[in-house]
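Notes follow the structure.
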Amino acid sequence: MYQDEIKQEIKTLLKERNAILLAHNYMRDEVQEIADITGDSLGLSIEAAKTDADVIVFCGVHFMAESASILAPDKTVLLPRLDAGCPMADMITEDGLLEMKNRYPGVPVVTYVNSSAAVKAASDICCTSANAVKVVNSLPDGEIIFTPDRNLGTYVGRFTDKTIHLWEGYCPTHERMKVDDVARLKAEHPDALFICHPECNPAVVALADHVCSTSGMYDFCSKSSVKKFLIGTEAGIMYRLRKENPDKEFILASPALVCPNMKLTSLEDVRDALLTMKPVVKVPEEIRVPAKRALDRMLAIPRD
Ligand code: 13P
Ligand code: SF4
């Protein structure tokens, strides 16, 4: 009952503020339920760039709200929990990247969107888990620097002839899923397909029947004639998978697949952000302009 009231309050405030609520696929169920749009990093960036709303309430983590601010500088971007960060994004700094660029002069930098605006600004092009292979193969160079996710970079390496210099970052949540977790579940459920995110450790990815972004999972599982899936990504994905495919069974591949940052945002936080119009995420122009260049180069690559 209380939840219904707060959801109604949020809906009213969204209208009053001419705001749109974007939620990442890993958000709590109740936050996904009230979102105007749920999606993966690529999908939400595209929505942020094209919305007519004056306010974007970004239910996700800090780098995602920064991307919205970079792409839609005339909008007010609210991140209901300013402390919702991403440990992988924090594993690389602008200085660290500049040092790596000095080691490989002239080699272009491909940066996963799970990174700060300052790191994007020092990069040539961004990518997401949905388009990383396409982005890397769109470059004419025979060598690239790939940051910050070594696991996504290793995965991309399977689909390109280019030499990839990896930054040694990783997602602690995906890294917690072990080969043993997957092997045990595969033995228990031989009729299931194992689908995983490329942020997983390469030894886990090697066991997958299909590797894709979070939104790619909705697409794959709904189109597949298979009825049972072992899911190798953050637990928030299960909400829509189950809702949209009531005739299918979804099993989380490890109980450790919970990102604490993605679980911070509550309905109360969303309501309070709309009431107070805080916290605002705003990327300063001197960082925004070069970061936008890297994002725009990525967005210019056609989606499948
Ligand atoms: P995607 O939604 O782009 O697959 O990204 C996963 C992720 O870890 C976001 O933090
Ligand atoms: Fe960062 Fe991993 Fe959490 Fe995504 S799931 S926000 S990559 S720590």
Side-chain angles (χ1 to χ4, degrees), residues 22-28 31-32 35 37-48 58-68 79-92 110-116 119-120 126-135 147-153 155-156 167-177 195-201 204-205 208 210-221 231-241 252-265 281 295 298-299 301 303-304:
L22 305 182
H24 188 265
N25 294 324
Y26 294 162
M27 287 281 106
R28 294 185 194 186
V31 173
Q32 292 193 46
I37 297 167
T38 49
D40 63 3
S41 306
L42 179 60
L44 294 177
S45 302
I46 292 168
E47 294 300 336
F58 213 117
C59 294
V61 291
H62 192 264
F63 74 79
M64 296 179 176
E66 275 193 335
S67 292
L79 178 67
R81 288 292 295 250
L82 208 48
D83 53 344
C86 169
M88 183 206 289
D90 294 341
M91 287 179 193
I92 183 165
V110 179
T111 289
Y112 189 28
V113 288
N114 295 33
S115 54
S116 69
V119 167
K120 288 183 178 78
C126 289
C127 73
T128 73
S129 57
N131 63 15
V133 173
K134 265 192 170 179
V135 165
T147 78
D149 187 2
R150 66 178 182 209
N151 292 347
L152 179 60
Y155 174 71
V156 169
W167 185 271
E168 286 291 324
Y170 60 92
C171 164
T173 296
H174 285 86
E175 200 60 54
R176 278 197 292 276
M177 176 172 43
I195 318 292
C196 85
H197 196 278
E199 285 179 18
C200 296
N201 188 279
V204 168
V205 171
H210 188 64
V211 182
C212 56
S213 77
T214 53
S215 288
M217 291 189 190
Y218 297 119
D219 200 45
F220 181 85
C221 294
I231 300 296
T233 195
E234 210 276 342
I237 190 109
M238 304 299 271
Y239 168 71
R240 261 179 65 206
L241 279 175
L252 194 65
S254 159
L257 284 166
V258 178
C259 171
N261 290 284
M262 285 285 185
K263 293 293 163 283
L264 283 175
T265 309
V281 171
L295 279 170
M298 169 186 87
L299 292 170
I301 294 174
R303 289 176 95 179
D304 290 327

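Atoms within a ligand are numbered from 1 in the order they appear, just like the ligands themselves. Values in this document were obtained by computation on a predicted structure and should not be read as measured data.
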Evaluate the side-chain proximity of [Y] to [X]: yes if any heavy-atom separation is below 4.5 Å, no if none is.
{"X": "Arg176", "Y": "Ser254", "value": "no"}
{"X": "Leu241", "Y": "Ile231", "value": "yes"}
{"X": "His174", "Y": "Asn151", "value": "no"}
{"X": "Val113", "Y": "Cys127", "value": "no"}
{"X": "Asn131", "Y": "Ile301", "value": "no"}
{"X": "Met217", "Y": "Thr214", "value": "no"}
{"X": "Glu199", "Y": "Tyr112", "value": "yes"}

Query raised in the report: For ligand 2, which atoms sit closer than 4.0 Å to a heavy atom of Glu199?
Result: 2 (Fe), 7 (S)
Query raised in the report: Hey, which atoms in ligand 2 end up nearer than 4.0 Å to a heavy atom of Tyr26?
Result: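 Numbered from 1, ligand 2 contributes 5 (S).
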Query raised in the report: Do other residues, nucleotides or ligands put more than 12 heavy atoms under 6.0 Å from Tyr170 OH?
Result: no
Report task. For the residue pair Thr38 and Arg240, confirm or rule out a side-chain donor-acceptor distance under 3.5 Å. Result ->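 A donor-acceptor contact under 3.5 Å links the two side chains.
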Query raised in the report: Between Tyr155 and Ser129, does any side-chain donor sit less than 3.5 Å from a side-chain acceptor?
Result: no
Query raised in the report: Does ligand 2 have any atom sitting under 4.0 Å from a heavy atom of Phe63?
Result: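 So Phe63 does not count as touching ligand 2.
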Query raised in the report: Where do Thr111 and Thr147 come nearest, in terms of heavy atoms and distance?
Result: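 Closest approach of Thr111 to Thr147: OG1-OG1, 2.8 Å.
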Query raised in the report: Which parts of the protein, at residue level, reach under 4.0 Å of ligand 1 through a heavy atom?
Result: His24, Tyr26, Asp40, Ser41, Phe63, Met64, Tyr112, Asn114, Ser129, His197, Glu199, Ser213, Thr214, Met262
Query raised in the report: Are there any protein N/O/S atoms under 2.8 Å from atom 1 (Fe) of ligand 2, and if so, which?
Result: Cys86 SG
